[in-house]
Amino acid sequence: MKILVLNGPNLNMLGMREEDIYGSETLDDVKMKLRDRAKDLDCYISFYQSNAEHELIDAIHSALKNNIDAIIFNPAAYTHTSVALRDAILAVKIPFFEVHISDINAREDFRKKSYFSDIAKKVFSGFGTNGYILALEEAIKNK
Ligand code: DQA
């Protein structure tokens, strides 16, 4: 099974960004944890992070060509704004799992709106970086 883990804007700053909300692990720490778990579960993962909406759209389109079976996506701030990224996910029809480190429903009102939750196979919000691991396990279960 091939899984793409996609991260949106400012997630490259994990570990030094609002640590009270997002914790002290870096994106590389998260990558390592996911790689370890993926090895146990016998699946292949690729990672991509971008601060640019069009690059994330291109990565989703490329997932089709690369025979990706599932996408684990933290769209970050684009969660609350991007019809274009939603449309990209719908266009490729690859099962997708939405992850948020913080609980988006327990923060500012503008974070309560997600353009992705109704099209996600499952949403993991508020489990810290463990949400990525939970999403990986769920993606494999859903295979
Ligand atoms: C986030 C929540 C978003 O509201 C925010 O813009 C992010 C990160 C999270 O992982 O909790 O950048 O997606």
Side-chain angles (χ1 to χ4, degrees), residues 1-19 21-105 107-108 110-143:
M1 190 170 185
K2 281 171 85 177
I3 296 178
L4 170 66
V5 179
L6 258 189
N7 279 291
N10 300 306
L11 290 167
N12 56 313
M13 300 291 284
L14 223 52
M16 49 183 158
R17 161 187 191 210
E18 297 176 278
E19 283 180 64
I21 298 175
Y22 299 113
S24 55
E25 278 175 293
T26 64
L27 195 55
D28 277 343
D29 295 333
V30 177
K31 254 189 226 176
M32 269 183 329
K33 273 206 314 202
L34 274 166
R35 275 212 205 286
D36 282 351
R37 190 72 187 111
K39 218 198 267 171
D40 296 341
L41 297 169
D42 211 19
C43 71
Y44 169 82
I45 345 189
S46 55
F47 295 93
Y48 185 69
Q49 186 277 331
S50 177
N51 296 319
E53 192 174 27
H54 72 280
E55 289 181 354
L56 293 164
I57 293 169
D58 289 344
I60 293 166
H61 293 174
S62 298
L64 200 56
K65 203 173 62 220
N66 296 331
N67 298 316
I68 295 290
D69 300 297
I71 299 176
I72 294 172
F73 189 18
N74 183 346
Y78 289 136
T79 307
H80 321 295
T81 62
S82 184
V83 175
L85 279 166
R86 175 195 170 92
D87 286 350
I89 293 277
L90 288 173
V92 297
K93 298 196 194 96
I94 297 172
F96 129 82
F97 299 83
E98 179 180 353
V99 173
H100 301 286
I101 297 165
S102 65
D103 179 359
I104 56 171
N105 289 307
R107 298 180 62 190
E108 301 95 325
F110 66 83
R111 291 188 206 271
K112 292 185 178 137
K113 166 76 190 161
S114 166
Y115 279 95
F116 298 88
S117 298
D118 64 315
I119 58 166
K121 284 258 175 218
K122 202 160 174 180
V123 182
F124 298 91
S125 179
F127 297 102
T129 57
N130 203 41
Y132 291 95
I133 302 282
L134 297 174
L136 176 64
E137 291 168 351
E138 190 67 24
I140 286 163
K141 233 194 276 167
N142 270 259
K143 207 202 160 186

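This one's a predicted model, so the numbers in the text were calculated from it and none came from an experiment. Just so you know, residue 1 is the first one in the sequence shown, and it goes up from there.
With hydrogens and angles ignored, the 3.5 Å screen pairs no side-chain donor or acceptor of K31 with any backbone N or O of F47.
One distance of note links CD of E18 with OG of S102; it measures 9.0 Å at 0.5 Å rounding. Rounding to the nearest 0.5 Å gives a distance of 11.0 Å between CZ of F73 and OH of Y48. Between atom CG of residue D103 and atom CZ of residue R111 there is a gap of 11.5 Å, rounded to the nearest 0.5 Å. Here R17 contributes atom CZ and T26 contributes atom OG1; the two are 14.0 Å apart, rounded to the nearest 0.5 Å. Distance CD1/I133 to CG/L34: 4.5 Å, rounded to 0.5 Å. One finds the CD1 atom of I140 at 9.0 Å from the CG atom of D42 (value rounded to the nearest 0.5 Å).
D40 CG: more than 12 foreign heavy atoms inside a 6.0 Å radius. Around atom NZ of K121, no more than 12 heavy atoms belonging to other residues, nucleotides or ligands sit under 6.0 Å away. Counting non-hydrogen atoms of neighbouring residues, nucleotides and ligands closer than 6.0 angstrom, the NZ atom of K39 reaches no more than 12 such neighbours.
Using a 30° and 60° split on the angle between ring planes, F96 and F116 fall in the perpendicular class, above 60°.
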Would V123 and I104 satisfy side chain to side chain contact (heavy atoms under 4.5 Å, CB included), going step by step from the backbone distance to the final call?
CA-CA 11 Å; V123 182; I104 56 171; 5.8 Å; no
Can you list the steps and then say if N7 with Y132 is a side-chain hydrogen bond (donor to acceptor under 3.5 Å, both in side chains)?
CA-CA 11 Å; N7 279 291; Y132 291 95; 2.6 Å; yes
List the steps, then state whether side chain to side chain contact (heavy atoms under 4.5 Å, CB included) holds for R37 with I45.
CA-CA 10 Å; R37 190 72 187 111; I45 345 189; over 6 Å; no
Salt bridge (Lys or Arg N to Asp or Glu O under 4.0 Å) evaluation trace for D36 with K33:
CA-CA 5 Å; D36 282 351; K33 273 206 314 202; over 6 Å; no
Applying side chain to side chain contact (heavy atoms under 4.5 Å, CB included), run through D118 and R86 and close with a yes or a no.
CA-CA 10 Å; D118 64 315; R86 175 195 170 92; 2.7 Å; yes
Determine, step by step, whether N51 and Q49 satisfy the side-chain hydrogen bond (donor to acceptor under 3.5 Å, both in side chains) criterion, reporting the C-alpha distance in whole Å, the side-chain angles of both residues, the deciding distance to 0.1 Å, and the verdict.
CA-CA 7 Å; N51 296 319; Q49 186 277 331; 3.0 Å; yes
Apply side chain to side chain contact (heavy atoms under 4.5 Å, CB included) to residues I101 and L11 and explain how you reach the verdict.
CA-CA 10 Å; I101 297 165; L11 290 167; 4.2 Å; yes
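Side chains of I68 and S46 form a contact here, defined as non-hydrogen atoms less than 4.5 Å apart. For the pair I57 and E53, the minimum side-chain heavy-atom distance is below 4.5 Å. No side-chain heavy atom of I72 sits less than 4.5 Å from a side-chain heavy atom of E138. The shortest distance between side-chain heavy atoms of P75 and H80 does not fall below 4.5 Å.
For the pair K113 and Y115, the cation sits on the ring face: its NZ or CZ lies under 6.0 Å from the ring centre, inside 45° of the axis.
Of all heavy-atom pairs between K143 and M1, the closest is CG-SD, 3.5 Å. Closest approach of L4 to A63, counting heavy atoms only: CD2-CB, 4.1 Å. In plain terms, the two heavy atoms of P9 and A77 that are nearest each other are CG-N, 4.3 Å. Minimum interatomic distance between I60 and V92 (heavy atoms only, all atoms of both residues): O-CG1, 3.5 Å. A pairwise comparison of heavy atoms in S82 and L85 identifies OG-N, 2.9 Å as the closest pair. Heavy-atom minimum distance, T129 versus V30: CG2-CG2, 3.6 Å.
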